[in-house]
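Proteins get letters first, then strands, A, B, ... in listed order; numbering begins at 1 in each.
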Protein chains: 2
Amino acid sequence: MTTVLPLIHSDDVGAYGPRLTAGVVSDASAESLAGVFKALGAPTRVKLLSMVAAAPGAEACICDMTAPVGLSQPTVSHHMRLLVEAGLVTREQRGRWAHFRIVPGALAAVAFALQPAGSATRES
Amino acid sequence: MTTVLPLIHSDDVGAYGPRLTAGVVSDASAESLAGVFKALGAPTRVKLLSMVAAAPGAEACICDMTAPVGLSQPTVSHHMRLLVEAGLVTREQRGRWAHFRIVPGALAAVAFALQPAGSATRES
DNA sequence: CCCACATATTGACATCTGTCGATACATCGC
DNA sequence: GCGATGTATCGACAGATGTCAATATGTGGG
C-alpha cells in the first residue's frame with residue numbers, strides 16, 4: 001500500500017495538486033491526501049521528519065535519530081519506511097548507513113492543499 | 001483525548017505556531033501537530049472537511065453529508081466529532097440540526113507548519 | 001575470512017480505529 | 001402530548017497501528 005506523490009487527480013486539482021477548500025475533493029484525492037496526513041499523524045514521525053529537516057546537510061541516518069526519540073532501532077526504521085512510502089522523504093543507502101532527506105516540495109504540496117482558496121506561497 | 005488549537009509551544013514556534021522545518025520540534029509540538037494530522041488522516045474526514053468548506057454558506061449539517069460519503073449517520077457523526085476535537089471545525093446546534101463550519105485559520109496554521117522555512121502566505 | 005556495526009525483517013502483542021446496528025436524546029409540527 | 005425527524009451515544013467487531021525482542025542482511029575493517 002505504497003502511497004506516492006504527486007497528489008494529482010481529475011477534478012479538484014489546482015496547479016500544485018488537490019485543494020481541500022476548492023470544492024468537494026474526489027475519492028482519489030481524499031485517499032491521497034489522507035495517506036500523507038496519516039504518515040504525519042504520529043508524534044514520532046513528526047519528530048523524525050523535523051529531525052531530518054534540521055539535520056546538518058538536511059540529511060540524517062537512523063543511528064542519529066534512535067537516541068533522541070527514545071525508541072528502538074527497528075521502530076525508527078519502521079517509521080522512516082512509512083515516511084518514505086508517503087513520499088515525504090527519500091532513502092539513500094551509502095555504505096552501511098541509510099541517509100534520509102526531505103523530498104523537495106513534498107511538504108509544500110501538502111501545505112498548498114490546506115491553504116484557503118486564493119492564497120499563494122511566497123519566498124521571503 | 002481532546003486535541004485543541006492553538007499549536008503553540010515553547011521552543012520551535014514561529015509567529016503562527018510550530019514549524020516542521022525550523023529545527024527539531026518539541027515533544028508537545030509533535031503531539032499537537034500529529035493530533036491534527038491524525039484527524040486529517042482518514043479519507044472520509046478529508047472528504048467531509050472539503051464538503052463543509054464547499055457547502056453553501058460554508059456550513060453543512062450531518063444530514064447533507066451522510067449520503068455523499070455513503071456511510072451511516074452514526075459514523076459521520078463520529079468523524080465530525082473528531083474533526084471538532086482536532087480544532088478544525090466548529091459545531092453549532094440550531095434547532096434539530098448540527099451546523100458545522102471550518103475554523104477560520106485552522107487549516108492555514110497547519111499549512112504554515114508544513115511550509116519550508118522562510119516562506120509566507122499571501123492573499124491574491 | 002571473520003567480526004563489528006548499521007539497518008531491515010519477522011513475529012508477537014496490546015491498543016487504537018473505522019464501521020455498523022440498536023437505541024437514546026432533543027426538537028419541531030400538529 | 002405525540003409522532004416524526006436530526007443527531008448523539010453505546011456496544012460490538014474486524015482490521016490497522018505502534019512498539020518491542022529476536023534475527024537476518026549487508027557492508028567495511030583488519
Which atom names give the shortest non-hydrogen contact between B:Ser50 and A:Gly23, and what distance separates them?
CB-O, 3.8 Å

Closest heavy-atom pair, B:Gln115 versus A:Ala111, reported as atoms and distance to 0.1 Å, is CG-CB, 3.8 Å

[X] vs [N]: side-chain N/O to OP1/OP2 distance below 4.0 Å:
X	N	value
B:Ser77	D:dT7	no
B:Arg96	D:dA4	no
B:Thr75	C:dG18	no
A:Ser72	D:dT19	no

From [options], nucleotide with atom closest to [X] side chain:
X	options	result
B:Leu71	C:dG18, D:dT7, C:dT19	C:dT19
A:Ala98	C:dT7, C:dT19, D:dT7	C:dT7
A:Lys38	C:dA8, D:dT17, D:dT7	D:dT17
B:Thr44	D:dA21, D:dG18, C:dT19	C:dT19

Atom-pair distance ([atom1] on [X]; [atom2] on [N]), nearest Å:
X	N	atom1	atom2	result
B:Asp64	D:dT5	CG	C1'	14 Å
B:Phe100	D:dG6	CZ	P	14 Å
A:Arg91	C:dT9	CZ	P	7 Å
B:Ile62	D:dG6	CD1	P	12 Å
B:Met80	D:dT9	CE	P	14 Å
B:Arg81	C:dC16	CZ	C1'	15 Å
A:Leu82	D:dA16	CG	P	14 Å
A:His78	C:dA6	NE2	C1'	19 Å

How many angstroms lie between CD1 in B:Ile102 and CD in B:Glu59, if you round to the nearest 0.5 Å?
11.5 Å

Could you pick out which residue, A:Gly70 or B:Cys63, lies toward the 5' side of DNA chain D when each is mapped onto its nearest nucleotide?
B:Cys63

Any non-hydrogen side-chain atom of B:Leu33 less than 4.5 Å from a side-chain atom of A:Leu40?
no

Evaluate the side-chain proximity of A:Phe37 to A:Val110: yes if any heavy-atom separation is below 4.5 Å, no if none is.
yes

Side-chain donor or acceptor of B:Gln93 under 3.5 Å from a matching atom on the base of C:dA26?
no

Counting distance alone, no hydrogens or angles: does the base of C:dA8 have a donor or acceptor under 3.5 Å from a partner atom on the side chain of A:Gln73?
yes

Under 3.5 Å, is there a donor-acceptor pair between the side chain of B:Ser32 and the main chain of B:Ala28?
yes

For B:Arg94, answer base if it contacts any base atom (sugar-phosphate contacts may also be present), sugar-phosphate if it contacts only those atoms, and nothing otherwise; contact means non-hydrogen atoms under 4.0 Å.
nothing

Name the nucleic acid region contacted by A:His79, choosing base, sugar-phosphate or nothing; use a 4.0 angstrom heavy-atom cut-off, strictly under.
sugar-phosphate

